Every structure is written in C-alpha cells, then in structure tokens.
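Order of the sequence lines fixes the chain letters, A, B, ..., with proteins taken first and strands second; residue numbering starts at 1 for each chain. In this text, all values refer to a predicted model and were calculated from it rather than measured experimentally.
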Amino acid sequence: MAREVTLLWWAMLGFASLVLLGVTALWLYAMHRAPRETSAEQARRINRRWIVGGGLLLPGLSILLLLAFGIPAGHRLLPLPLAEPPLRIEVTGHQWWWEVRYPDGVVTANQLHIPAGRPVDLAVSSADVIHSFWVPRLGGKLDMIPGRRHVLRLQADRPGTYRGQCAEFCGSQHAHMAIDVVAHDEPAFQAWMAARRELRFSPPPGEAGAVFEQRCGRCHRVAGVSEGGRAPDLTDVGSRPSLGAGTLDNRPGALRRWLREHQRLKPGNGMPAHDDVTPETLDRIADWLETLAP
Amino acid sequence: MSRDMPSPEAERLHERFNAVWGNPTGWRALTVVNHTTVGLRFLVTGALFFLFGGLLAMLLRTQLALPGRDFMGPDLYNQVFTMHGTVMMFLFAVPMMEGLAVYLIPKMIGARDLVFPRLSALGYFCYLFGGLILVASLFLDIAPKAGWFMYTPLSSAAHTPGPNSDFWLLGITFVEISAVSAGVELVVSILRTRTRGMTLDRMPLYAWYILVMAMMIVVGFPPLILGSILLELERAAGLPFFEVARGGDPLLWQHLFWLFGHPEVYIIFLPAAGIVSTLLPVFAQRPIVGYRWVVLGVLSTGFISFGLWVHHMFTVGIPQLAQAFFSAASMLVAIPTGVQIFAWLATLWLGRPVYHVPMLWLVGFLVIFVAGGLTGVMLALVPFDWQVHDTHFVVAHMHYVLVGGMFFPLMAGLYYWLPHFSGRMPSVRLGRWGFWLVFVGFNLTFLVMHWTGLLGMPRRIYTYPTGLGWDWPNLISSIGSFVMAIGIATVLLDIVLHFRFGLPAKENPWHADTLEWATSLPPTSYNFASLPEVRGRHPLWDDPGLPQSIAHGEHALAVIDHGRRETWGSDPLTGQTREIIHLPGNSWLPVIAAALIAGVCLSLLTRAYGLAALFALTSLGVLLRWSWENGAHPKAAPDAKTQPGDPPLHSRTCDGPGLWGMAVTLLADGALYLSLLFGWFYLWTVAPDWQVPERAGFDQRLLLASAVLLAVATFWQRRLLVRLRQGDARGLAGGLAGVAGLGLLHAVLLLWALLGGELAPRQTAHDAVIAVVLGYSLVHGLLAAVLSALQGWRVRCGYVGVETPYEPLVVEQLWYYNLGVLWIGYFALVLFPPTWGAA
C-alpha cells in the first residue's frame, strides 16, 4: 500500500518542481527585463491575467487535481470491512517499548511478525503517553493514544524485515523505540505462531534463578517462570532481532552487555541498574535468556 | 543626526514638542512609553532571543551531525529542542513582528503614538521578564522538555514531574500578555488613530496586514492561554482535564494547542508578507498591482487559517470526512497566498525595479517560501501526511515556510528601515555576503532534510544508529547549518558596523511612498510636529515636500502649549477626525506592574501560592492606580480646552479609544470562554471515559439567582448611564456604588455555588470544568464590581460627570459581557446536560 503513496510523492514532486521553477523564472525575468511604458489599459489587463490566472486558477486547479487523486488514495488506506476479517494484532506502546499480542495468546515485544501478501489490522493503543506506530516501508503512521484503540491496516507484499520506529515524541528515550517487523510467507508465519503457542521454560539453576525470580520476574513475564506484566515479555527474547527496542543487535553475547550497561546504552529506561548483582550472576541470567527461543 | 537642514522655526517647534514628548534618561528610561522606543526595545530583545535560539539549533545540529553521538544526553537534548522551538516561536518570531509593527504603525498612519502607550510598555516588560524566566530554566537544567507543543500526558505531572513543564505553561502565558496586549493596541490604533483623510481604502498595505495579524492574535492566542491554564491546574491542583481515567482527554489539549498553533503560523507570516507588499512597490517604483485583491487575500488568509488546525492531527485517528474537510481547507489557503505572489510578480513586471540589498532578501524569500508552500500543499494530502508526519520532512517544510516566510522578509525589512532606526545607510558588499551565506547555508541544511525524512528519520530523536542511510544527509545538514550561522554573523556585523561607518541617509532614501519616511531620520519621539491630511494611498509620492511642511508645523495639531500628548481620533472607516486623543506620558506603573506579575509567575513556579496571591492583588492595585490616572485626573487632561475648530478631547466624549480597547479585549476574553465551552462539549461527546457524577455537584438555584442579580445590576447601571449621556448625573456616585454592591452579592452567590455544594473537581473532568466555568464568572464579576465602585468614587472626585462621561461607559461593556457569559454558562451547565441524557 505504501507503493501508492510513493507514486503520489513522485508525481507531486515533479509538479511542485515545475511550479517552483516557473514562478522563480518569471520573477527573475520580471526583475531583469527592460522596463517599458505600459498604458493603464495594458496594466489592467496584465493585472487581471496574473492575479486571476496565477493567483486563482493555478492553485485552484492544482488543488482539485490533488484532491481527486489524494482522497481516493487515502480512502483505500483505511481499515474498511473486508469479506474475510484480517488478522488483528494488538500493539501497545510503552515508554519505551512495544507490547505485541496475537489473538491466540501469543505475546511478544519489540518485534512484529506478520504474514506477507494479505492485509493485517493493527489495533494500537498506549499504556502511558502518546506514541505513534510507524513502519515507513509498509505505510502510514497512526498515533497510539491512551484510552483509545485505533486500527491501522498494513500489508507487506513480500516477505522481508522492515524497521519501524515510534514517530510521536514520547520522552527521554524516544530515539530508542524501534520495532522489528518481519513478514513471512504463509507457511513460515504459521510455523512461527505454532512454535510460540506452547512455549514454556523453567528457571535457570542456582543463584541466577533466585535473582531472576526475585527481581526480573516481578516485571517481566517468561512463560512457565514468571508472570510480571510491567515490562516486555521475555518468553522468546532469544529469537528477537534486537534488544532494548532496537538499541542493540541481538548477537551472541549482546544480552550480557545489555544487562550490564543498559542504563548507559539507553539512559532513563524503566529497568533499574543491576549494580548490586554480581557480574557473574548477570552473565548467567543473560546466557539463560539467550536460550529462550522456540 | 541627519535632520535635513532644519530651519530655525522647525527647530523651535521641535524643542517645544520635545519638552512634552521627549524620553528621560538614566533610570527613568524605564518609564518610557513611547512607541518608537518600545518598538526598538522589542526588536533588540527579539534579536537577542533569536541568537540564543540559533545557538540552541547549532547544538542540535552538532549532536545529529554523526550517528550515535553523545555530545548531549537525552535529557539535555530534549530540553534544548523544546527550547529552540519555544524561543523561536514565542520569544523571537511573534514579538519581533509585533515590535516592528509597534514601531512602524503609528508612523505609517500618521499618528504620534500608539493609542495605549502604557500598555505598550507593560507588554514589553512582560515579554522581557517572561522570556528571561524561560531562558533561565535552561541554565538551571529544569527547562521544559516535552516539546514546544507540550502534548499531554507526556507533559503532565505523572510523566514529567519537576517544574520543567510549569516553566513553559506559566512563562509562555506571561509572555502572551504582551502578545495579546500588543494585538489589542494595534487593532484599536489602526482603526481609530489614522490621520485625517486616510480611509480604510487608502491605508498602507502593511497596516492591513498588521490589522489582520492583530485580530488573529486577539482571537487565536486565547485557546492556548486557556489550555495552559487548564494544564497547569491539572499539574498543580490535580484537576483532570486531560487524564483519560478521570474523564478527561489528551486530545483536547491538541485541539486547543493547534486552534492557536495554526493561526500562529499566519500571525508570523502575514506581517512578513506585509513587509514584502511594502517594499516591492517601492523598489519597483510603482503602486502595487491589485491593492484590493491583496487586501482580500490577506483577510481570507486570516479567516481560513482558523479552519485548518486539524491538519496537525491527521494521525490521531479522526473520522475520514473531517480529514477530507481539513485537507481541502488546508490546501485552500494556497489561493490567497497565490494571489499575493502574483500581485507582487505583476508589480515587478510593470515597474522599473531598482537593486538594493533588501531586494536580494525578497528574492530569497520568494524561492524559499514558494518551495515551503508547495511541500505544505503536499502535506495537506492525508495519505502523504500519514507517511511523513513527524519526520524530518516536516522539519524541513516548516523551516522553509517560517524562515522563508518570516526571516527573509524580516531581513529585507530590517535593511530597508535601517536608515530609519539609525539615520545611516547599510553597506552593500557585506550585506551581499551575508545574504548569500545564509541562503546557501539554509538550503544546504533544509533541502537535504526533506530527503532525510523520506528515508524514515523521525523528528525529535537525540541519536540514531548508523546504516539506515541517514548519516550523509545529516552531516550535510549540519555543515549547512554552520554556513548559515556564519552568514547570520556577517549580517550582524554589517548592521553593527553601519551604526559607526554607514553613510548618513538622505531624506526618504528609497523614495518610498508611505508616511513613516516623512519623519526625521532617526525619528523624534512625537513622529510628526503636525499631522498631515492624506488624499491618496501614496502620500509621499503625491507630495514629496511633506517632511518639510510637517516639521514646520503647517498641518494639524501643531500646538503643544497645553502640554498634552495629542493625536487624532478618527472614524474607523472614513478616517474623518472625530476627537483629539490625549495620551498618557511616561510612567513607572507599567514596569512596576510587569515586575509584580513576574512575581506572580515566579511564586507559582515555586508553588508559594500565598505569595502568588499577594503579588496578584498588588499588581491589580497597581493596574487600578493606572486606570485612575485617566480622563480629568490632574495627571491626564484636567483642562479640556482645544483650539477653535478642533474636535473635543476623547475623554469628554462618549466614544473614545478606550471603548474600542475594551471591546477588543472582551473579544479575546470571549475567545477564551468559547474555548472553555468547546472543551466542555468536546469532553461530553468525545472523551473515551467521560463520567457524569450522580449528584448535581452545585446548587443550580444559586447560579440562577446569581445570574438574575447580575441582570438587575447591569440594567440598573445602564439606566444610570443613559441618564448620564443625557446630561443628568444626579445620584450617579451612589448609584454606581449600589451597582457594585449588587455585583459583589452576585459574586458571593457564585462563590457559594462553587464551594458550598459537593463539587469534586479533583475527581472528574466533569466537575473540574464546572469549577473553572464558575470560577471564570466569579473573577469577572468581582472585577466588574471593583471597577464600577471605582467609577463611583471618581464621580465624587470630580473626574467623572456630565462633562466627562467616558469612563463608566468603558466599564459598562464588561457588565454586558459578564451577563452574557453567565447566562451562556447557565445554559451550558444546567440546561444542556439533560438533553444528553444526564440526570
């Protein structure tokens, strides 16, 4: 659907460039041409021609043309009822991460997996301040407003990964609020969902397990381990493309770095610094988190 | 000083005028109310704030030059970008344009000063103090950091604790006193103080632009002032207007903000376009083509601009029909703008253009502004806006419109009027360098930024990762911004040097047509020793000898022995003179009042509410003292004698400028009240979790009784004043005291309704709005009672009577207004809810 907007853009750019060049050229010519005597009658005629032609007709017709293309295009982007209701995914903005809920109970964070080739409805809202959901290559943006749930319809024509980012200024870490959108072909999407439906884990052994339960688990959920609801669900964190809503690429070892330095990497984020936990324990928790994947 | 060979006769006249109008020096310079001085103070202060805001922009571009930089942390970055927008909009663009208008308007319409000189001074000091308070917050690291648009809930107490947002809400509201007071003053001055013969149709175009701008300020700023008051009440007192859980709605803030915010863009652009319409004909050496077309264009821009605020909110999920409407309305504004651009083009086409530095800036304006306008039309297209909204594309668009539409014409204007400020001509060479550096630097910065936005870079992020294609365009933008900064430094250097090395300006150096060039260069504080009659749109082209004949006192009001500062009071349409307006002289009251209001602002910031109340009462006292020194008061015009054949003094009539001032002020006040009612109905219909409490909250019979009482008082006063107009002042003092007493009683009933019932303004937005509606009428009721009591006292003192009936008539309007407001409030609060199914 973004393709139509792209086309609109190039057409508008071409037209606007012509107008700009035309007006500038006229203006410069008017300044530099040799002055000549004009009768009052001629002056009146020029006056009428310029103001009516340039001032009224040119913008008036351009606007009509633009609306004639633009309003239907906008209409087609709306989430109108379809014969077969599209997949509806709830996306909720938090300072500064994304909560993603699928209809059959699959929950994830900071990543959105969708089927390619068919429309998807995203029901967006916010848990705190106003955010805005936006994946530039897939289409327009829609504000996520507390107390309201609006629907944004997207369609990825081809499988691939697309980067999204919060577009409404939402406070200190607005810059670190990205979301990885992955479009799969139909079988791969079904497989992705199926792998997460029954995902369960058990806590890491020893002190790491105790620390996770006492601290991390109060805010984070890991299916089978903890039920915290204030922070991103970590059940499949090991399989996510990035950490901290796009702050770090999720390479091997990245979780260790994140746990130790997250307040330096993403200052002000909601997770407390873990200064009083020994680095070894942190590493052990990080290593365990890396295994949380289907 | 280049007073062109003044004859001894003109010199003597000047000395006598100067004795009445001259500015004191030293500490007493703070008492100056003269529009020339106040205007220059606005301009210099605005320029300093511009440099500060520009410096902030340099910090932002330094941070964004490369990916992943930590030159500033997120907290500081957010303060800096919020302050950049705030300073540029509220402390530079609007005050600068107002300052120029304050300086020029009286001179262009042939008046000696603005009509409320003390108000000009008060406005300036409010601007200065408010601006300093805001800027200070950045140095204390507690500056606003929720963006210059202050969207709630981000700006609310829950998500931005600490005084940051309060600085914005209180500081900006304080600064807006200056915007609104200048708005009122400019409207009344333009309508009521034009020189003899200047019909509306002969007014210089600049005055038309300023008239429309000032009206837009009067109507456009109140929604923001109301929004700021409500949000501050929510933050400080817990009244939940914008909080969903208690029945408020954050989108209400966005509506109130953009209801102001979009007209604001035209409030900035129109005066700049006015500069273009003034300069182009002078440099083309022929009258503008299509004067009436241009006037029509300006008026319709003013109207349309109030109908397109929602285009800032296309992504908040509003119904498609509304989007289509606002989309079309936003594009519609291209038509009046197109008319102006082609009128300018035709003027150049038919004229014989002359080249000077101001012309360069005008060409720069055209290119940049037209480009910005075209991207604006694109943005008005909803599906495109969904794509680029809140990206750097919009940042680029907005800077094209504002820098192109405001800064470039402003620079053209500054170069054009420099000889007026200093009596000297600017240099050509340095001026050209400055222009080209700014022009190239600007386009380097912002042309590329469109592309950055299309590549998906959102606004207001303090850092970005590498590898998204944003690295190069950002670096180029940052380099461009430094080129632009060097350009601005060059311009500044040019202007500073010209005060020292510029060649003395000849009389009317650009061969202009408007009256401001008929003063001496630089002008005296009274502008004109005598006020000429005009017979066309181009007084100086019609009679190039005007500067001399004016200085020789050959025109009207050339007598000064009475020691009064006088200017014409004229008919708003025909420009026929109706009375002589006598203006107050220099006074300490404005600066004292502004300092006390600053005290209110600071004590609210530190949450010292007792102190704030004390400051507020003291400043009210000072303002009442101010109103005391009017009319027949010994410090105003105790002696009403005028020259034979001249009309009477305005304070001896029933139709002075004060009536107009009051009416325009009430228009602003009414816009504020309407915004409040808009909020009430908006929440009823749209708030996602609107709650209507079971109990009524307040005793509706009390409200009814209060409204009836107010009606009785108002009509009693009306009878008294009808008799006064007919020359019968018997029992006036006692009557006014009685009216004030009734007014007080009505206020007490309102207070009882507000406090005596079960209103719980902290629990629901429903009750919070009711409390504000009642509080609004309460404050207005008290004020009206005090003012009428004061008029009764003035009758006793002999300042008001059959000969001087003017002031009670000014106050009377406030009573009518209050009466209307209270009854509308009664309908909205008591009669409307049942129609919506509420008990």
Side-chain angles (χ1 to χ4, degrees), chain A residues 2 4-5 8-9 12 16 19-20 23-24 26-28 30-31 35 38 43 46-47 50-51 54-56 58-60 62-63 66-67 70-71 73-75 77-78 128-130 132 134 136 139-143 145-148 150 163 165-175 267-268, chain B residues 73-75 78 147 151 153-154 159 244 249-251 289-290 293 315-317 320 323-324 327-328 331-332 334-335 338-339 341-343 345-346 348-353 363 366-367 370-371 374-375 377-378 381-384 386-387 389-391 456 458-464 468 688-689:
Chain A
E4 194 167 3
V5 178
L8 206 60
W9 151 248
M12 289 194 300
V19 173
L20 178 61
V23 173
T24 311
L26 264 178
W27 180 285
L28 290 179
M31 277 175 57
T38 38
I46 290 177
N47 167 356
W50 286 120
I51 292 184
L56 295 180
L58 175 69
S62 313
I63 290 170
L66 204 54
L67 288 175
I71 290 184
H75 190 71
L77 293 179
L78 290 178
D128 37 52
V129 304
I130 298 176
S132 189
W134 185 41
K141 57 181 69 68
L142 190 59
D143 290 355
I145 301 168
R148 290 185 161 81
H150 291 134
R163 184 176 187 273
Q165 183 161 10
C166 175
E168 180 64 66
F169 179 64
C170 58
S172 152
Q173 283 302 328
H174 171 54
Chain B
D75 200 57
N78 294 342
Y151 276 9
L154 182 61
H159 298 285
V244 174
D249 188 354
L251 286 187
V289 169
W293 279 101
T315 64
V316 303
Q320 198 209 355
Q323 292 194 346
S327 170
M331 293 181 188
L332 217 56
I335 292 179
V339 166
I341 287 177
F342 279 89
L345 198 57
L348 280 179
W349 190 271
L350 293 173
R352 302 164 172 277
V363 177
L366 178 90
V367 174
V370 170
L374 288 167
T375 53
V377 174
M378 297 180 191
L381 198 67
V382 177
F384 185 67
W386 284 342
Q387 190 61 25
H389 177 76
D390 271 331
T391 68
R459 302 170 77 171
R460 301 160 187 144
I461 55 174
Y462 75 97
T463 185
Y464 55 94
L468 296 171
D689 196 10

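- Heavy-atom pairs under 4.5 Å with chain B were tallied for A/V23, A/L142, A/V129; the largest tally goes to A/V129.
- The most heavy-atom pairs under 4.5 Å with chain B, out of A/S132, A/A73, A/C170, A/G268, come from A/C170.
- Per-residue heavy-atom pair counts under 4.5 Å with chain A were compared for B/V382, B/V370, B/N78, B/L366, and the maximum is reached by B/L366.
- For a residue to count as touching a neighbouring chain, one of its non-hydrogen atoms must lie under 4.5 Å from one of that chain's; by this rule B/V339 touches chain A with backbone and side chain alike.
- Under the 4.5 Å side-chain criterion, counting only non-hydrogen atoms from C-beta, B/F342 is in contact with A/L58.
- The shortest side-chain heavy-atom distance between A/L8 and B/P383 falls under the 4.5 Å cut-off.
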* To do: With side chain to side chain contact (heavy atoms under 4.5 Å, CB included) as the test, would you mind laying out the steps for A/W27 and B/V367 before giving the verdict?
  => CA-CA 9 Å; A/W27 180 285; B/V367 174; over 6 Å; no

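- Contact annotation for A/L66: both backbone and side-chain heavy atoms come within less than 4.5 Å of a heavy atom of chain B.
- Using a 4.5 Å cut-off between heavy atoms, A/H174 contacts chain B through both its backbone and its side chain.
- Residues B/P74 and A/S172 approach most closely at CB-O, 3.3 Å, considering heavy atoms.
- Shortest non-hydrogen contact noted between B/Y462 and A/P267 is OH-CD, 3.7 Å.
- Closest approach of B/A346 to A/W50, counting heavy atoms only: CB-CD1, 3.4 Å.
- In this structure, B/L154 and A/I130 have side chains that are not in contact, with every pair of non-hydrogen atoms separated by 4.5 Å or more.
- Heavy atoms only, all atoms of each residue included: B/Q387 and A/G140 are closest at OE1-N, 3.6 Å.
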* Steps toward side chain to side chain contact (heavy atoms under 4.5 Å, CB included) verdict (A/L26, B/W349) -> CA-CA 9 Å; A/L26 264 178; B/W349 190 271; 4.2 Å; yes

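- One N or O on the side chain of A/K141 and one on the backbone of B/H389 form a donor-acceptor pair closer than 3.5 Å.
- Atoms CG and CD1, from B/L381 and A/I71 in turn, are 8.0 Å apart once rounded to the nearest 0.5 Å.
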* To do: I would like to know whether A/R148 and B/V316 meet side chain to side chain contact (heavy atoms under 4.5 Å, CB included); could you show each step before the answer?
  => CA-CA 10 Å; A/R148 290 185 161 81; B/V316 303; over 6 Å; no

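- For A/E168, the parts sitting under 4.5 Å from any heavy atom of chain B are the backbone and the side chain alike.
- When each of A/G70, A/G54, A/P136 is scored by its heavy-atom pairs under 4.5 Å with chain B, the top score falls to A/G54.
- Considering only heavy-atom pairs separated by less than 4.5 Å from chain A, the leading option among B/V363, B/D689, B/D75 is B/V363.
- Between A/A16 and B/L374, the closest heavy-atom pair is O-CD1, 3.3 Å.
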* Output, in order, the C-alpha distance, side-chain angles, deciding distance and verdict of side chain to side chain contact (heavy atoms under 4.5 Å, CB included) for A/I145 and B/Y151. => CA-CA 11 Å; A/I145 301 168; B/Y151 276 9; over 6 Å; no

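- If you tally non-hydrogen atom pairs under 4.5 Å between each of A/D128, A/T24, A/V19 and chain B, the highest count goes to A/D128.
- B/R460 pairs by the side-chain hydrogen bond (donor to acceptor under 3.5 Å, both in side chains) definition with B/D390, not counting sequence neighbours.
- When heavy atoms are compared at a cutoff of 4.5 Å, B/V289 approaches chain A by way of both its backbone and its side chain.
- Listed here is the closest heavy atom pair of A/G147 and B/P688: O-CB, 3.2 Å.
- Residue contact with chain A, scored on non-hydrogen atoms closer than 4.5 Å, is absent for B/T375.
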